[in-house]
Amino acid sequence: MLSADLDDILEDVFERVSKSRIFKNRDVLMPDFLPNRLPHREEQIRKVASVLAQALKGYRPNNLFLYGLTGTGKTAVVKLVTKKLSEKARERGVRLKVAFVNTKRDDTPYRVLSKLLENIGFRVPPTGIATAQLYANFKRLLDKRDLLLIIVLDEIDYHVKKHGDDLLYKLTRINEELRNSKVSIIGITNDVNFTSWLDPRVKSSLSEEELVFPPYTAPQLEDILRDRAQMAFEDEALEEGVIPFCAALAARERGDARKALDLLRVAGELAEREGRNKVTTEHVKKAWEQIEKDRVIEVVRSLPLHSKLILLAIAKLTKDGTVTYTGEVYKLYKEFTSDLGIETLTLRRVSDLIGELDMLGLISTQVVSRGKRGMTRVINLESDYKSVIKGLKDDPRVAEIAGLI
DNA sequence: CTTCCACAGGAACCAGCGGACC
DNA sequence: GGTCCGCTGGTTCCTGTGGAAG
């Protein structure tokens with residue numbers, strides 16, 4: 001590319017973006033932004049606050065269990081209330097600490113415990129200590145601190161499904177073994193049927209108080225978006241109908257507020273990039289598609305090599321819109337590995353990896369019987385073919401063989 | 001009605017790694 | 001420096017199964 005061209009391009013982009021007056025404060029639309037108000041969650045805030053308020057009197061609040069789909073405000077409500085609670089506690093000299101652990105990110109008992117220890121002020125190596133030892137340390141050090149500790153376990157279903165409810169059982173009974181400190185647990189889950197995974201004792205102890213977060217309706221999402229848009233956008237930057245449209249799309253996605261906010265933000269970014277001063281519903285439509293494509297590319301990119309090869313096999317076999325089966329995929333996958341001169345995973349393992357691709361929403365599978373031709377999975381590519389290939393070809397090893405297709 | 005395919009998916013186990021403890 | 005520990009990412013072996021073919 002000639003440098004003059006480059007200058008022109010940069011000039012053009014900078015010009016457009018800088019003259020566009022769309023955002024006042026884009027950050028308030030980011031997923032980790034914690035607003036001071038949560039419209040349509042007054043009831044839940046009241047409930048959580050009333051349970052936790054016991055802490056201010058020095059009592060141990062009841063354990064609390066929150067259910068609700070993604071983007072229904074569970075985490076935000078808990079964060080908001082615990083933040084205010086911590087402030088109040090400080091004012092009143094109550095020794096209170098809130099430990100927030102996302103058990104999807106920190107998904108082993110070891111990591112949960114090390115997060116908890118970190119929260120009460122102790123660093124723990126990433127591996128090496130026996131979990132039982134770690135638990136003993138936690139108990140001992142916590143008791144020394146003379147604290148009221150509120151443990152928030154976000155996305156707790158991930159932990160329990162992978163590692164059972166052992167740790168949870170211990171934590172719910174830890175108070176019996178503490179002399180100076182006290183522990184309350186707040187569990188948060190997206191999975192409404194989650195309690196079937198729990199030992200009944202854990203279940204009853206954990207859900208001393210329960211609270212359900214219903215999905216937001218379209219009008220409620222509209223309120224949330226308006227509230228946030230006021231802070232995020234310049235006046236008049238949104239065309240009539242943009243917010244209801246975002247709300248309607250997100251309401252279709254099971255009332256997910258995070259999705260709604262993402263949509264609005266990306267639509268704004270698109271408008272900004274075009275150098276416009278107005279966000280239109282057309283931008284929202286494009287944003288919707290782009291979010292999905294970006295998600296696919298990103299997910300594909302971060303896949304391990306063998307999963308990529310399996311996905312490539314599936315993409316190739318379903319390119320003409322047909323479905324494929326585990327056996328066919330395995331055959332083609334084997335060709336790929338021998339082309340690359342790397343070892344081939346067993347069918348058993350590949351079967352699990354196919355299951356993971358399904359979980360990621362890249363493909364959809366269904367177990368069927370083909371009679372005498374046996375049981376297998378019907379597989380088809382759920383996501384955009386081009387985006388999948390784009391994500392795959394970013395990996396030079398995959399591009400090497402994908403080029404032949 | 002029975003057979004029998006081509007896998008699904010559970011269980012047990014293993015190797016290699018990074019890191020603490022003594 | 002040897003021992004112990006947990007995690008990841010596999011393998012091996014296994015039993016289970018829906019329904020078209022015979």
Side-chain angles (χ1 to χ4, degrees), chain A residues 101-118 120-141 153 155-171 196-197 299-314 317-318 322-338 340-360 362-382 395 397-398:
Chain A
V101 185
N102 182 317
T103 66
K104 187 179 179 184
R105 211 170 326 133
D106 300 300
D107 70 337
T108 65
Y110 188 98
R111 267 184 250 167
V112 172
L113 282 167
S114 73
K115 253 276 154 36
L116 292 178
L117 274 159
E118 212 174 284
I120 57 171
F122 298 94
R123 295 284 299 164
V124 180
T127 169
I129 305 169
T131 308
Q133 185 61 45
L134 208 55
Y135 176 75
N137 287 353
F138 171 64
K139 205 165 64 187
R140 185 169 48 82
L141 294 168
L153 299 170
E155 311 207 63
I156 192 172
D157 42 320
Y158 279 88
H159 181 86
V160 172
K161 281 173 193 170
K162 244 180 137 174
H163 301 279
D165 56 4
D166 247 37
L167 178 62
L168 224 45
Y169 180 70
K170 283 190 186 133
L171 287 177
S196 64
W197 294 76
V299 170
V300 171
R301 244 182 221 152
S302 63
L303 251 27
L305 177 59
H306 287 281
S307 295
K308 281 180 179 161
L309 296 176
I310 293 163
L311 185 59
L312 178 63
I314 293 169
L317 290 165
T318 58
T322 57
V323 296
T324 186
Y325 306 93
T326 304
E328 289 183 39
V329 171
Y330 190 63
K331 247 187 265 167
L332 188 53
Y333 156 78
K334 264 204 291 209
E335 282 179 34
F336 292 159
T337 54
S338 73
L340 285 173
I342 58 177
E343 84 290 15
T344 310
L345 300 181
T346 55
L347 177 61
R348 179 70 189 82
R349 180 67 185 139
V350 168
S351 175
D352 277 349
L353 293 179
I354 290 174
E356 282 173 26
L357 293 176
D358 188 5
M359 294 275 281
L360 290 169
L362 294 170
I363 61 173
S364 69
T365 72
Q366 201 188 350
V367 179
V368 296
S369 171
R370 290 186 297 168
K372 249 202 152 76
R373 301 176 60 204
M375 294 281 277
T376 187
R377 273 168 159 138
V378 186
I379 302 167
N380 58 52
L381 193 63
E382 196 64 22
D395 189 323
R397 297 164 297 183
V398 180

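Throughout, a chain's letter reflects where its sequence line sits, starting with A, and its residues are numbered from 1.
Look at A:T376 and you won't find any side-chain N or O under 4.0 angstrom from OP1 or OP2 of B:dA6. In terms of phosphate contacts, A:S351 brings no side-chain nitrogen or oxygen within less than 4.0 Å of OP1 or OP2 of B:dC7. One finds a side-chain N or O of A:R349 lying less than 4.0 angstrom from the OP1 or OP2 phosphate oxygen of C:dG10.
Closest of all the heavy-atom pairs between A:L303 and A:K308 is O-CE, 3.2 Å. A:Y135 and A:L171 make their closest contact through CE1-CD2, 4.4 Å (heavy atoms, listed as atom of the first residue, atom of the second, distance). Shown here for A:T103 and A:E155, the closest heavy-atom pair between the two residues is OG1-O, 2.6 Å.
More than 12 non-hydrogen atoms from other residues, nucleotides or ligands lie less than 6.0 angstrom from CD of A:E356. Enclosure of atom NZ in A:K170 by more than 12 non-hydrogen atoms of other residues, nucleotides or ligands within 6.0 angstrom is indicated. The 12-atom threshold is exceeded at CZ of A:R370, counting heavy atoms of other residues, nucleotides or ligands nearer than 6.0 Å.
Between the CD1 atom of A:I354 and the CD1 atom of A:I379 there is a distance of 4.0 Å, given to the nearest 0.5 Å.
In this structure, of B:dC7, B:dA11, C:dT8, it is B:dC7 that holds the atom nearest to the side chain of A:L347. Distance from the side chain of A:T346 is smallest to C:dT12 among C:dC7, C:dA21, C:dT12. Picking from B:dA6, C:dC7, C:dA20 the nucleotide with the shortest atom distance to the side chain of A:K372 gives C:dA20. Of the candidates C:dT8, B:dA8, C:dG18, the closest approach to any side-chain atom of A:V367 belongs to B:dA8. Residue A:R370 has its side chain nearest to B:dC7 when only B:dG9, B:dC7, C:dT11 are considered.
In this structure, CZ of A:R373 is placed 12 Å from C1' of C:dA21, rounded to the nearest angstrom. One interatomic measurement links the two molecules: CG of A:L305 to C1' of C:dG9, which rounds to 14 Å at whole-angstrom precision. Taking atom CG of A:L167 as the reference point, atom C1' of C:dG6 lies 14 Å away to the nearest angstrom. Distance OH (A:Y325) to C1' (C:dG19): 14 Å, rounded to an integer number of Å. In this structure, CG of A:D358 is placed 14 Å from C1' of B:dG9, rounded to the nearest angstrom. Computed from coordinates, the A:Q366 CD to C:dG19 P distance equals 11 Å when rounded to whole Å. Spacing between atom CE of A:M375 and atom P of B:dC4 amounts to 18 Å, rounded to whole angstrom units. Whole-Å rounding puts the A:L357 CG to B:dA8 P distance at 13 Å.
Judged by distance alone with a 3.5 Å cut-off, a donor-acceptor contact links the side chain of A:R348 to the base of B:dG10.
Across all strands, A:R377 comes closer than 4.0 Å only to sugar-phosphate atoms, never to a base (heavy-atom distances).
The main-chain N or O of A:L345 is found under 3.5 Å from a side-chain atom of A:Y333 such that the two form a donor-acceptor pair.
Sequence order on DNA chain B of the closest nucleotides to A:G327 and A:Y110 puts A:G327 first from the 5' end.
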* When you check every protein heavy atom under 4.0 Å of nucleotides 12-19 of chain B, what one-letter string (B, S, -) results, 5' to 3'? -> ------BB

